[in-house]
Amino acid sequence: MTTRQGGFRGWAADRKRGLSRLRFTSLRLRLVVVFGLVALTAAVSASGIAYWLNREAVLTRTQDAVLRDFQQEMQNRAGALPEHPSQDELQHTAGQMANSSQRFSVLLVAQDASGKTVYGNSGGLNGFSLRDVPVSLREAVNRQQKVTAANKSPYHLYWQRVVDDGTPYLVAGTKVIGGGPTGYMLKSLEPEAKDLNSLAWSLGIATGLALIGAALLAQAAATTVLKPVQRLGIAARRLGEGKLDTRLRVSGTDELADLSRTFNNAAEALEKRVADMAARDEASRRFVADMSHELRTPLTAITAVTEVLEEELESEAGGIDPMIEPAVRLVVSETRRLNDLVENLMEVTRFDAGTARLVLDDVDVADQITACIDARAWLDAVELDAERGIHAYLDPRRLDVILANLIGNALKHGGSPVRVSVRESDDSVVIAVRDHGPGIPEDVLPHVFDRFYKASASRPRSEGSGLGLSIALENAHIHGGDITAANSPEGGAVFTLRLPRDASELARKSDEGETSEGEAT
């Protein structure tokens, strides 16, 4: 079953890739369409011109032969009739004229000796009669023209092409010069029309083949042209994924080869620069970590001494000279601040090195917030709006760090009381920390989580190190959550912490990533 599903998914993926290549925005499809349109235009134009030229040639050749034969028959046979022939004479002569090589139907019209109009019909084509002749043609045939030096005959031969029930015909008429019957001829052009239809089908098939050939040619040309572009796109994606050793194989001396060389040079320069930056960043992290470790030993001794001095300050016996008491208090305060700074730097170093890991446990969020507030004696300054029983699978120590930073920041820079509210959804827990202070300036909001950032440059020696909110955000990220800062419409700043109800999956993936990285190294 798994094999079948894998095969179906592979087929679906290949089909999806094939359809994506045929998007109208695809350069390949546009090349094929343009080639096809050009070929179609050229083929249709050539076929149309060829059809028109052949049609005129075929019809003109047939027409000339028929008219020449009809005119000769009129001179030889109709011209031999008396000026006032009888109907039998007309009928006999029409039959003889129709037996010519062109096989057309003949209608002869004349007046007999009594002045009556008589007709002679060859009997072909369902009885060719005068009503089958267009009126305009009859009028032209019977119109007598003036004889001049340029026009030596009062009557001429006229012809016209007509279509009856889808069949084309050639109709012609003339009068016998010097007096005699008027003759009309009807010739079917159906054989020529069939030949022209066959020619049209042949030209249509040739146009279709030309279109198919153009599409195949366009596909071949597109493959030749676009294959280096596709390789360039794949290489660019690999480069974007961090595979900086990606290079293109360069062949030829055309523009695409120059583009590949440019890409390789850019990738090489980028790899070198990233390597240099990574080395400098690693050196910086190592320096901070080493410095923090080196500072811990003297700080431990200094902290012990300051604790003794602090006890002396609080002693009722007054063991500290009042003159140096402010200096001692400053040393105690700055030592505590330096100790916090070193701890924060070590924590930041662990985040940057990717060695910070979660120790997860089932946590009652309300109990955890209460414990954080109680441990720091903030009970009188913080209002808690959280129902007990909201559980989440989180790292209690890191959650305590987040809460301590958010609540402590609100108490220090906002206004009391600070309100902490908790709400839950299907897959996350949302903790909002709101103060009643003046809020955060709009130009400061984008930077509140930046390291060592302080809103007021005039207070460089404030108690904070500028790392608290940054560490809180990193602890939220390692859980798969986030923290946002905003100003409440009712006044004051609001920090919103969103954490997943269960961070175990993220922790497992993080551990697998660390193992894989270690094995690869």
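Predicted model, so just to flag it, every value in this text is computed and none were measured.
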Gap separating the CD1 atom of Ile431 from the CD1 atom of Ile369, nearest 0.5 angstrom: 4.5 Å
Sub-4.5 Å side-chain heavy-atom contact between Val429 and Ile390: yes
Crowding at CG, Asp380 (>12 non-hydrogen neighbours, <6.0 Å): no
Approximate separation, where rounding is to 0.5 Å, of Cys372 SG and Ile407 CD1: 5.0 Å
Nearest heavy atoms of Thr41 and Ser45, plus distance in Å: O-OG, 2.7 Å
Heavy-atom side-chain contact between Val433 and Val494 under 4.5 Å: no
Donor-acceptor under 3.5 Å (Asn264 side chain, Leu248 main chain): yes
Non-hydrogen atoms of Val250 and Ala257 that approach each other most closely: CG1-O, 3.9 Å
Any donor-acceptor pair under 3.5 Å from Asn475 side chain to Ile402 backbone: no
Side-chain heavy atoms of Val418 within contact of Glu383, under 4.5 Å: no
Side-chain donor or acceptor of Asn409 paired with backbone N/O of Asn405 under 3.5 Å: no
Atom pair CZ (Arg398) and CD1 (Ile471), whose distance is rounded to the nearest 0.5 Å: 10.0 Å
Intermediate values then yes/no, side-chain contact (heavy atoms from CB on, under 4.5 Å), Asp450 and Leu469: CA-CA 8 Å; Asp450 294 350; Leu469 290 178; over 6 Å; no
Any Pro396 side-chain heavy atom under 4.5 Å of Asp400 side chain: no
Side chain to side chain, Thr484 and Phe495, heavy atoms closer than 4.5 Å: no
Contact summary for Pro500 and Gly481, nearest pair of heavy atoms: CD-N, 4.1 Å
Side-chain (Asp482) to main-chain (Arg498) donor-acceptor, under 3.5 angstrom: no
Side-chain donor or acceptor of Asp435 paired with backbone N/O of Gly437 under 3.5 Å: yes
Minimum-distance pair of heavy atoms, taken over all atoms of Gly389 and Asp364: N-OD2, 3.1 Å
His479 side, atom NE2; Asp502 side, atom CG - distance, nearest 0.5 Å: 10.5 Å
Leu497 vs Leu399, side-chain contact (heavy atoms from CB on, under 4.5 Å): CA-CA, chis, key distance, verdict: CA-CA 10 Å; Leu497 168 66; Leu399 178 59; 4.2 Å; yes
Note, Val363 side chain near His391 side chain (heavy atom, < 4.5 Å): no
Audit row: Leu239, Leu270, side-chain contact (heavy atoms from CB on, under 4.5 Å) steps and yes/no: CA-CA 10 Å; Leu239 202 64; Leu270 179 62; 4.1 Å; yes
Any donor-acceptor N/O pair, His436 side chain to Gly492 backbone, under 3.5 Å: no
Close side-chain approach of Ile440 to Val448, heavy-atom, < 4.5 Å: yes
Backbone of Tyr393 reached by a side-chain donor or acceptor of Asp362 within 3.5 Å: no
Closest non-hydrogen atom pair between Ala386 and Val422, with its separation: CB-CG2, 3.5 Å
Heavy-atom check, side chain of Thr496 versus side chain of Val430, under 4.5 Å: yes
Exam field: side chain Arg501 to backbone Ser425, donor-acceptor pair closer than 3.5 Å: yes
Ion pair check, Arg247 and Glu271, cut-off under 4.0 Å: yes
Selection residues 260-269 - residue pairs positive for salt bridge (Lys or Arg N to Asp or Glu O under 4.0 Å), sequence neighbours left out: Asp258-Arg261
Any donor-acceptor pair under 3.5 Å from Thr60 side chain to Ala57 backbone: no
Straight-line distance of Ile234 CD1 to Thr246 OG1, nearest 0.5 Å: 11.0 Å
Any donor-acceptor N/O pair, Asp395 side chain to Val359 backbone, under 3.5 Å: yes
Heavy-atom neighbours of Arg161 CZ exceed 12 at 6.0 Å: yes
Atom of Ala236, atom of Phe263 and distance for their closest heavy-atom approach: N-CZ, 3.9 Å
Interatomic spacing from CZ in Arg419 to CG in Asp385 - rounded to 0.5 Å: 4.5 Å
